[in-house]
Amino acid sequence: ELKVEQNPLFLSMQEGKNYTIYCNYSTTSDRLYWYRQDPGKSLESLFVLLSNGAVKQEGRLMASLDTKARLSTLHITAAVHDLSATYFCALEYGNKLVFGAGTILRVKS
Amino acid sequence: EPEVTQTPSHQVTQMGQEVILRCVPISNHLYFYWYRQILGQKVEFLVSFYNNEISEKSEIFDDQFSVERPDGSNFTLKIRSTKLEDSAMYFCASSRVGTGNTIYFGEGSWLTVV
C-alpha cells in the first residue's frame with residue numbers, strides 16, 4: 001500500500017524561528033507537490049518538485065526532494081503569523097496525487 | 001488569473017438523494033480530477049478524467065459515483081444515492097497536462113448528507 005507520511009502533524013512555533021516539515025513516501029516517484037490550505041479554503045499550490053535534488057524557494061518557504069531517500073522537506077525560515085495554515089505534501093502516482101495527512105502550522109507572535 | 005470554479009459551494013441533501021456537483025476547469029486544461037476531504041482528514045483522490053473518459057479511479061469511486069463532461073466547459077460529479085459518509089468537501093481540479101504540472105484546485109463544494 002502506498003503511504004505518504006508527514007511529520008509533525010501539528011507544529012506550533014514562534015515568529016522568527018525556523019522549522020522543517022518532513023514528507024516520507026513508500027514508493028518510487030520523481031514528483032512531489034506541496035500545497036497550503038487555509039481553514040475552509042481550497043488547496044493553494046506552493047511547489048512542484050520534478051526530479052531528484054530539486055530545490056525551490058518562495059519567500060520564507062523552501063522545498064526539496066530526495067528521491068533516493070523518498071523524502072521531501074518544506075523548510076520555513078523566520079516564520080511569520082501569515083504562514084499559519086495546513087501544509088500538505090502530495091506524491092504523484094499514476095494519474096493522481098496521494099496526499100499526506102497534513103501539518104497544521106500555528107505561528108505565534 | 002484563471003481558476004477552477006465549483007458550484008454549489010455548500011449543499012445539504014437527504015440520505016438517498018442524488019447530488020450533482022459542478023465544476024468549470026481552467027479553459028486550456030485537459031486533465032480533470034475530483035478529490036474529497038472529510039472534515040479534519042486528508043485529501044483523497046476519487047477520479048481522473050482525460051479525453052472524455054476516466055483515466056483512473058480510486059476504491060472510493062464505486063458505482064454510486066459518476067463523472068461527465070456534458071459540454072466543452074463543465075465537468076460534473078454525480079452521486080446517485082447519497083450516504084451519510086459521503087459528507088465531505090469535494091474538490092475539482094484541473095491541469096494542462098497530466099503529469100509534472102501544477103494541478104489547480106477549485107474552492108470546493110461542501111456536501112452535507114442528513
Side-chain angles (χ1 to χ4, degrees), chain A residues 1-10 21 23-52 54 56 58 61 63 65 67 72 85-105, chain B residues 1-7 9-10 21 23 25-26 29-51 53-61 67 88-110 112:
Chain A
E1 181 192 345
L2 172 58
K3 290 183 180 178
V4 179
E5 295 180 334
Q6 283 183 241
N7 71 85
L9 298 181
F10 182 76
I21 299 170
C23 176
N24 291 91
Y25 53 94
S26 63
T27 193
T28 304
S29 174
D30 287 341
R31 294 175 172 142
L32 196 290
Y33 300 67
W34 284 95
Y35 285 88
R36 168 184 171 142
Q37 186 180 38
D38 291 295
K41 299 293 186 181
S42 186
L43 297 155
E44 175 192 352
S45 177
L46 295 175
F47 301 108
V48 180
L49 303 169
L50 298 179
S51 60
N52 186 41
K56 291 195 174 179
E58 181 74 34
L61 300 177
L65 178 62
T67 59
S72 181
T86 300
Y87 292 85
F88 290 95
C89 65
L91 184 72
E92 184 179 296
Y93 189 70
N95 292 313
K96 64 182 180 285
L97 296 180
V98 179
F99 283 79
T103 297
I104 300 172
L105 173 65
Chain B
E1 183 177 319
E3 58 183 21
V4 177
T5 57
Q6 290 184 241
T7 54
S9 56
H10 189 197
L21 305 178
C23 169
I26 295 172
H29 284 190
L30 301 176
Y31 288 78
F32 315 118
Y33 312 85
W34 284 101
Y35 287 79
R36 80 172 186 190
Q37 185 179 31
I38 294 171
L39 185 63
Q41 297 187 23
K42 66 179 178 181
V43 179
E44 301 174 290
F45 169 78
L46 293 178
V47 65
S48 59
F49 191 86
Y50 169 71
N51 200 25
E53 60 183 22
I54 290 172
S55 53
E56 189 167 351
K57 61 182 180 180
S58 71
E59 290 176 354
I60 302 168
F61 195 89
V67 289
M89 179 75 91
Y90 288 81
F91 291 107
C92 176
S94 71
S95 63
R96 199 166 61 82
V97 296
T99 57
N101 263 252
T102 301
I103 298 174
Y104 294 88
F105 284 77
E107 291 289 318
S109 294
W110 183 246
T112 302

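Order of the sequence lines sets the chain letters (A, B, ...), proteins ahead of strands, with each chain counted from 1.
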Practice prompt. Check whether Phe47(A) gets within reach of chain B through its side chain, its backbone, both or neither, counting any heavy atom under 4.5 Å.
Written response: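 Neither part; nothing is under 4.5 Å.
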Discussion item. Does any backbone or side-chain atom of Glu44(A) lie under 4.5 Å from a heavy atom of chain B? Answer side chain, backbone, both or neither.
Written reply: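 Looking at Glu44(A), nothing touches chain B.
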Fill in: Distance, nearest 0.5 Å, that separates CE of Met89(B) from NZ of Lys41(A)
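The CE atom of Met89(B) sits 9.5 Å away from the NZ atom of Lys41(A).
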Item to complete: State the CG-CZ distance between Asn101(B) and Arg31(A), to the nearest 0.5 angstrom.
Response: 8.5 Å
Fill in: Test ring pair (Phe, Tyr, Trp, His ring centres under 6.0 Å) applied to Phe10(A) - qualifying residues, sequence neighbours left out
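With sequence neighbours excluded, Phe10(A) shows a ring pair (Phe, Tyr, Trp, His ring centres under 6.0 Å) to no residue whatsoever.
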Discussion item. Please classify the contact of Gln6(B) with chain A as side chain, backbone, both or neither, using a heavy-atom distance under 4.5 Å.
Written reply: neither
Worksheet item: Measuring heavy-atom distances to chain A, does Leu39(B) have an atom under 4.5 Å in its side chain, in its backbone, in both, or in neither?
Response: neither
Item to complete: Return the minimal non-hydrogen interatomic distance between Ser42(A) and Glu107(B), and the atom names on each side.
Response: CB-CA, 3.6 Å
Worksheet item: Among Gly106(B), Ala93(B), Gly108(B), which has the most heavy-atom pairs under 4.5 Å with chain A?
Response: Gly106(B)
Item to complete: Begin from the C-alpha positions of Phe105(B) and Tyr35(A) and carry the test side chain to side chain contact (heavy atoms under 4.5 Å, CB included) through to its verdict.
Response: CA-CA 10 Å; Phe105(B) 284 77; Tyr35(A) 285 88; 3.5 Å; yes
Practice prompt. Carefully, step by step, assess Gln37(B) and Phe88(A) under the rule side chain to side chain contact (heavy atoms under 4.5 Å, CB included).
Written response: CA-CA 12 Å; Gln37(B) 185 179 31; Phe88(A) 290 95; 3.6 Å; yes
Discussion item. Would you say the rings of Phe99(A) and Tyr35(B) are close, in the sense that their centroids are separated by under 6.0 Å?
Written reply: yes
